[in-house]
Number of protein chains: 2
Amino acid sequence: MNANADAEAATARFQIGEVADRTGVTQRTLRFYEEKGLLRPPERMDGGFRLYSENDVTRIGYIKQLQDLLGFTLSEIKDMVEAEDLLQQMSATRRPDRELPERLQRSEQILGALTKQLDVVEHKVEHLTLLREELRAKMTRVTQRRTEILNALEQEQAVSEL
Amino acid sequence: MNANADAEAATARFQIGEVADRTGVTQRTLRFYEEKGLLRPPERMDGGFRLYSENDVTRIGYIKQLQDLLGFTLSEIKDMVEAEDLLQQMSATRRPDRELPERLQRSEQILGALTKQLDVVEHKVEHLTLLREELRAKMTRVTQRRTEILNALEQEQAVSEL
DNA sequence: TAGAACCTTCACGTGGACGACAATGTTGGT
DNA sequence: ACCAACATTGTCGTCCACGTGAAGGTTCTA
């Protein structure tokens, strides 16, 4: 029953500086991400200072990962986190007061987004896997050559020791 | 014994325009790639016109694939095709007249490059696979929600039909 | 009430990946 | 010998992505 109690309750908030320190992303970049729709606008203090949640921090890490490790562009990442947002909203907003058709449409929309993403990811996986196999094949070829050479060297060694 | 016979022999050559047409890459880009070290300088006609081999054409396709499908940058791709070059050289230049230690070193060098590449690729595969699983999990969650909603709608329907 | 931390806005920078000429040279066919 | 088609190098421009910097003002906290 306190489903949205812990959503709103005493979860810690951080100012931008701290978030920057913790995530290794500059303040400037955090604002930039917000501007680009990668981060939902965080809460603000009365004076206008941004207040990030733990969740936001996690998200920033996620973004970095997608970017650095997987080479997605920011706009691709935007699509991903947007779907993520919808998803969270859907789960959080368990309001049966909404019209059912509306909620249905919502679900389909999210499904669509997810499907598109999955497509992209699966294609990438497929191609990368292929590439990996090629690389492995090459490696074994080279390794073989190398052992041949090593053997030849041993031979030489043996001969010279006579 | 005609190992390098077919390497040098009557393999077809193409001018840049034809290559551009066949690969869908502009002439400008081909020259650009060459400049950046992505393509080995091709042979030239007496007048200086570039003459590409079938092999080069293949390579260009490879590059495009790495770029478009896998999102590698040109400089990453450069590293990859450089290793590829070494590999081909090694295979082509089957000259036992070379000093063995030299050839050994060569092999190790290539192995190093390949290992590095493989590392990158494997990391990417790993992360992408993880991401894929997450996406799938989300999809099933949403799909479930959707069927719940559909059921609810049916109920409503049934009720209204009384 | 000082000084550190934050705010917005506007502009600027950088690197990657080409595109667009321009002026000149080459090739192949008639 | 000539012309159209094709290439050459070189320079400059462009467009996007991904930020960065700095100015000038506001808020927080000791």
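Here is the naming used below: chain letters follow the sequence lines, and residue numbers restart at 1 for every chain. Every heavy atom of this structure was used, including side-chain atoms; hydrogens, water molecules and symmetry mates were not. Nothing here was measured: the structure is a model prediction, and the numbers come from that model.
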Worksheet entry | T140(A) side chain to T143(A) side chain, donor-acceptor N/O pair below 3.5 angstrom | no
Worksheet item: Does R136(A) pair with E133(A) as a salt bridge, N-O distance under 4.0 Å?
Response: yes
Worksheet entry | Derivation and outcome, salt bridge (Lys or Arg N to Asp or Glu O under 4.0 Å), residues E54(B) and R22(B) | CA-CA 11 Å; E54(B) 195 65 55; R22(B) 282 183 58 191; 2.8 Å; yes
Worksheet item: Contact class for E35(B) vs. all strands (heavy atom < 4.0 Å): base, sugar-phosphate, or nothing?
Response: nothing
Worksheet item: Between T26(B) and dC18(C), is there a side-chain N or O to OP1/OP2 distance below 4.0 Å?
Response: no
Worksheet item: Please give, in whole Å, the distance from dG15(C) C1' to E76(B) CD?
Response: 14 Å
Discussion item. Using only modelled atom types and a 3.5 angstrom limit, is any donor from either the side chain of R28(A) or the base of dG19(D) paired with an acceptor on the other?
Written reply: no
Fill in: Interface with DNA chain D, restricted to residues 37-45 of chain B and to heavy atoms under 4.0 Å
R44(B)
Discussion item. Taking the cut-offs as 6.0 angstrom to the six-membered ring centre and 45 degrees off its axis, would you call K78(B) and F72(B) a cation-pi pair?
Written reply: no
Fill in: Under 3.5 Å donor-acceptor, N151(A) side chain and E148(A) backbone
no
Worksheet item: Has Y33(A) got a side-chain N or O lying under 4.0 Å from the OP1 or OP2 atom of dG19(D)?
Response: yes
Worksheet item: Quick one: F49(A) CZ to dC28(D) P, roughly how many Å, whole number?
Response: 6 Å
Worksheet item: So, E34(B) and R50(B), do they make that salt bridge, N to O below 4.0 Å?
Response: yes
Worksheet item: How many Å lie between CZ on F72(A) and C1' on dC16(D), as a whole number?
Response: 19 Å
Worksheet entry | Rounded distance in Å - NZ (K64(A)) to C1' (dG19(D)) | 10 Å
Item to complete: State whether Q15(A) places a side-chain N or O below 4.0 Å from either non-bridging phosphate oxygen (OP1 or OP2) of dA5(C).
Response: no
Worksheet item: If you measure from OG1 on T23(A) to CZ on R59(A), what distance do you get to the nearest 0.5 Å?
Response: 14.0 Å
Worksheet item: Please give, in whole Å, the distance from dT20(D) P to R31(A) CZ?
Response: 12 Å
Discussion item. Rounding to an integer number of Å, can you tell me how far R13(B) CZ sits from dA7(D) C1'?
Written reply: 18 Å
Worksheet item: Starting at NZ of K78(B) and ending at P of dG16(C), how long is that distance when rounded to a whole Å?
Response: 11 Å
Fill in: Closest to the Q27(A) side chain, choosing from dC6(C), dG19(D), dC28(D)
dC6(C)
Item to complete: Select from D46(B) and Q67(B) the residue whose nearest nucleotide in DNA chain C is closer to the 5' end of that strand.
Response: Q67(B)
Worksheet item: Counting only side-chain N and O atoms of S75(B), is one of them less than 4.0 Å from OP1 or OP2 of dG16(C)?
Response: no
Discussion item. Taking the minimum atom-to-atom distance to the side chain of L74(B), which one of dA17(C), dT26(C), dG19(C) wins?
Written reply: dA17(C)
Practice prompt. To the nearest Å, give me how far apart CZ (F32(B)) and C1' (dA20(C)) are.
Written response: 15 Å
